[in-house]
Amino acid sequence: MIAIVDYGAGNIFSVKNAMDYLGLSAELTSKPEDIRNADGMILPGVGAFPWAMNMLSQSGLVDVIKEEAVKKPFLGICLGMQLIFSKGYEFEETSGLGLIDGEVKLMTPENLSIPHIGWNKLIINRECPLLSGLGDDEYVYFVHSYAAECSDNDVAAYCEYGNKVTALVNRGTVYGAQFHPEKSGKTGLKILRNFAELIG
């Protein structure tokens, strides 16, 4: 079973619906014991970095997420991906979960609007299990104003929006998608299925 972490940050039902569509076992939960007992974990999210970290803290989920994410497959989606980094600078400097070294900063593309909304091409940076079976002409759906800056070694794929934008990261059992796989058609569904297959 995959635990979809419910901490009040929205977007959980679209992720659950996508997993149900794929016939994958996934449950919404805010209980630490469910996360510990799960075979994998998805952390969705829509909203602001400091607010989301505060919600996780109030829910008593920070420690269990940090402990379990390094033991079994973990996928952060959109804001959930941003939270896996060391710090975020949305409104104020806020510590993240620190699962991957890096900082989340406001995007500053020349002559392009923010937020970055819509379909963009995934450019593969290195091999990653979540990209298995995908080609070099895949598009996914983004909605965000902030983006992660991290080591190139952790970047599995990026997109171009004025400059390089981190799109998919991976370190060990920890994965993060800045885009919304659950809203990205066949490509996104394939990525979710690949994630589930990490569990076996």
Side-chain angles (χ1 to χ4, degrees), residues 1-19 24-105 128-130 144 146-151 154-156 166-182 191-192 194-200:
M1 188 273 288
I2 296 172
I4 301 173
V5 182
D6 180 5
Y7 60 108
N11 202 44
I12 56 174
F13 294 108
S14 58
V15 175
K16 177 67 164 69
N17 289 341
M19 301 299 278
L24 301 172
S25 176
E27 298 295 335
L28 302 173
T29 185
S30 58
K31 298 177 180 178
E33 59 268 30
D34 289 344
I35 294 171
R36 288 193 177 93
N37 293 330
D39 302 303
M41 177 180 14
I42 295 177
L43 182 69
V46 174
F49 192 111
W51 171 81
M53 282 304 301
N54 184 55
M55 292 294 288
L56 283 176
S57 181
Q58 287 186 8
S59 301
L61 296 175
V62 171
D63 288 343
V64 67
I65 289 172
K66 291 171 73 170
E67 290 164 8
E68 296 299 317
V70 297
K71 298 178 184 177
K72 56 198 174 193
F74 168 97
L75 174 62
I77 294 176
C78 195
L79 176 60
M81 167 184 154
Q82 296 179 1
L83 298 178
I84 70 181
F85 290 96
S86 310
K87 289 181 182 178
Y89 291 90
E90 190 170 3
F91 302 124
E92 60 188 34
E93 182 178 331
T94 305
S95 295
L97 295 169
L99 297 171
I100 296 180
D101 300 324
E103 299 182 339
V104 179
K105 298 181 179 179
C128 174
L130 297 197
H144 65 121
Y146 287 74
E149 297 180 3
C150 61
S151 168
D154 294 320
V155 179
T166 303
L168 184 70
V169 294
N170 167 224
R171 180 186 288 187
T173 56
V174 176
Y175 298 83
Q178 179 60 71
F179 54 91
H180 287 274
E182 77 283 3
I191 288 170
L192 290 175
N194 285 343
F195 175 73
E197 288 178 355
L198 294 173
I199 294 163

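Just the heavy atoms: all of them, side chains too, but no hydrogens, waters or symmetry mates, feed the values below.
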Would the distance check show the side chain of [X] and the main-chain N or O of [Y] forming a donor-acceptor pair, the cut-off being under 3.5 Å?
X	Y	value
T29	A3	no
H144	Y146	yes
N170	G172	yes

Lys/Arg N to Asp/Glu carboxylate O, K71 vs E67, below 4.0 Å: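 A salt bridge is absent here (no side-chain N lies under 4.0 Å from a carboxylate O).
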What's the separation between atom [atom1] in [X] and atom [atom2] in [Y], rounded to the nearest 0.5 Å?
X	Y	atom1	atom2	answer
M19	E182	CE	CD	10.5 Å
S59	N54	OG	CG	9.0 Å
I12	I77	CD1	CD1	12.0 Å
Y7	M55	OH	CE	9.0 Å

Could you tabulate the donor-acceptor pairs under 3.5 Å formed by side-chain atoms of residues 35-48, not counting sequence neighbours?
{"unit_1": "N37", "atom_1": "ND2", "unit_2": "E33", "atom_2": "O", "d": "3.0"}
{"unit_1": "D39", "atom_1": "OD2", "unit_2": "M1", "atom_2": "N", "d": "2.5"}

Pairs flagged by salt bridge (charged side-chain N to carboxylate O under 4.0 Å, His left out) wherever residues 88-104 is involved - sequence neighbours left out: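 Checked against salt bridge (charged side-chain N to carboxylate O under 4.0 Å, His left out) - neighbours excluded - the pairs reaching residues 88-104 are K87-E93, D101-R171, E103-K105.
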Shortest non-hydrogen separation from T94 to P50 and the atoms involved: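 That would be OG1-CB, 3.3 Å.
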Under the ring-ring contact (aromatic ring centres under 6.0 Å, His included) test, residues paired with F85 that sit two or more places apart: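 So F85 forms no ring-ring contact (aromatic ring centres under 6.0 Å, His included) with any residue.
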Stepwise side-chain contact (heavy atoms from CB on, under 4.5 Å) check, L75 with L130: CA-CA 10 Å; L75 174 62; L130 297 197; 4.1 Å; yes
Whether over 12 other heavy atoms sit under 6.0 Å from F13 CZ: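 At most 12 heavy atoms, drawn from other residues, nucleotides or ligands, come within 6.0 Å of this atom.
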